[in-house]
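Just below is one structure, and these are the notes that go with it.
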There are 2 protein chains.
Amino acid sequence: MNHKQSKQRTRLLEMLRNHYGHLSAEQVYNKLKEEDKRISLATVYRNLNLLAEQNKINKIEHPTVGSMYDGREYPHYHLHCEACDGLFDIQGLYLNELNDKVETQMKARILTHRIVFEGICESCLKKGSNVDGHLT
Amino acid sequence: MNHKQSKQRTRLLEMLRNHYGHLSAEQVYNKLKEEDKRISLATVYRNLNLLAEQNKINKIEHPTVGSMYDGREYPHYHLHCEACDGLFDIQGLYLNELNDKVETQMKARILTHRIVFEGICESCLKKGSNVDGHLT
DNA sequence: TTGGATGCAAAGGTTTTGCAGTAAT
DNA sequence: ATTACTGCAAAACCTTTGCATCCAA
């Protein structure tokens, strides 16, 4: 399929690139609507899926909220805080060699991998949250 | 909350423990219904969530199908095949040290982590699938 | 001009919830 | 006797899709 360039897709990508952190489709939609009321949620979903397939953005399955997106261009892992439900980037820890290892072991072809760490983020630790029993 | 033991929950856990592979909530529901018509999907969901929270079963976010569950008792990673959409266990490759590493780096408390590898499984490679453009 | 992209609304699929009844402790 | 658990159906949610229109190439 040949893709044309659309204002909506361009703005969406630009917005994600300039936004640090993770956004849901709905949040992306709301942010874009601030500039142009006429954009639709369907378009946001269509473009998020397209850009994620093209690896121009990252799609992360958030354990409780649905899919989240970020515009980082380098591969990275995520920390999901069970207390505040936040999603945090983990920098400088991408294990390239893992793909080869699994490729050999599974006799498969590995394209990429994702890691999500589960725990309590720095800020929640300071607050002394005890997270509905997980930590008690 | 104090939990009582119910027939439904017991059977569900037992079934998952004896079933090798991954099942969706719907599939769990159908399997359990074979033995007892009267079980409900809501009960299946409630128990899957409960058992996953208690770490008695694993919940894996399948990229396209929704949540999948397995009854393995040891931690392991998964391979998602983009061709057949299958989910495969990866044995003997659990990196305990990763948790410490991230704990230090993020000043967080890490409880666990999950890895999903994306690629093409052995069987699909043999079939020479070329997966709707991902590999072309 | 042509085919991809959009907006809108409707539909789809998965998961959760309210409630009255049932069963475990 | 309590209180959690169940079944059922309705509701909630997130995401996708059909279609007529619009717009980029």
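Letters A, B, ... mirror the listed sequences (proteins, then strands); counts begin at 1. All heavy atoms count here, side chains included; hydrogens, waters and symmetry mates do not.
For the pair M68(A) CE and dC13(D) P, the computed distance is 17 Å after rounding to whole Å. Across the protein-nucleic acid pair, L41(A) atom CG and dA11(C) atom P stand 18 Å apart, rounded to whole Å. At whole-Å resolution of the value, OH in Y29(A) and P in dT6(C) are 14 Å apart. At whole-Å resolution of the value, NZ in K33(A) and C1' in dG7(C) are 12 Å apart. In this structure, R38(B) atom CZ and dA9(D) atom P are separated by 12 Å, rounded to whole Å. If you take CD1 of I39(B) and C1' of dC8(D), they are 13 Å apart, rounded to a whole angstrom. dT15(C) atom C1' lies 16 Å from atom CD of Q27(B), rounded to whole Å. For the pair N47(A) CG and dG4(C) C1', the interatomic distance rounds to 11 Å; values are reported in whole Å.
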Verdict with supporting geometry, I115(A) and F117(A), side-chain contact (heavy atoms from CB on, under 4.5 Å):
CA-CA 6 Å; I115(A) 308 187; F117(A) 291 84; 3.5 Å; yes
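Under 4.0 angstrom from either OP1 or OP2 of dT16(C) there lies at least one side-chain N or O belonging to N49(B). Distances shorter than 4.0 Å separate some side-chain N or O of T43(B) from OP1 or OP2 on dG7(D). Put simply, N2(B) has no side-chain N or O that comes within less than 4.0 Å of OP1 or OP2 on dT3(D). For Y45(B) and dT16(C), the shortest distance from a side-chain N or O to OP1 or OP2 is not below 4.0 Å.
Taken residue by residue, residues 4-15 of chain B places heavy atoms nearer than 4.0 Å to DNA chain D at K4(B), S6(B), Q8(B), R9(B).
Atom CD1 of I90(B) is separated from atom CG of L79(B) by 5.5 Å, given to the nearest 0.5 angstrom.
Nucleic acid contact class of S24(A) (heavy atoms, under 4.0 Å, all strands): none.
Comparing D36(B) and S67(A), the nucleotide of DNA chain D nearest to each residue sits closer to the 5' end for D36(B). Toward the 5' end of DNA chain C, the nearer of the two residues L50(A) and R46(B), judged by each one's closest nucleotide, is L50(A).
You'll find that the side chain of H3(B) is closest to dC5(D), out of dT14(C), dC8(D), dC5(D). Of the candidates dT6(D), dT17(D), dT16(C), the closest approach to any side-chain atom of A42(A) belongs to dT17(D).
Electrostatic pairing of R114(A) and E118(B) counts as a salt bridge here, judged by a charged N lying under 4.0 Å from a carboxylate O.
Looking at D70(A) and H76(A), their side chains do bring a donor and an acceptor atom within 3.5 Å of each other. Under 3.5 Å, the side chains of H78(B) and H80(B) contain no donor-acceptor pair of N or O atoms. Remark: the H22(B) side chain and the D89(B) side chain contain an N/O donor-acceptor pair separated by less than 3.5 Å.
Here the side chains of R72(A) and R17(A) are not in contact, with every heavy-atom distance at 4.5 Å or above.
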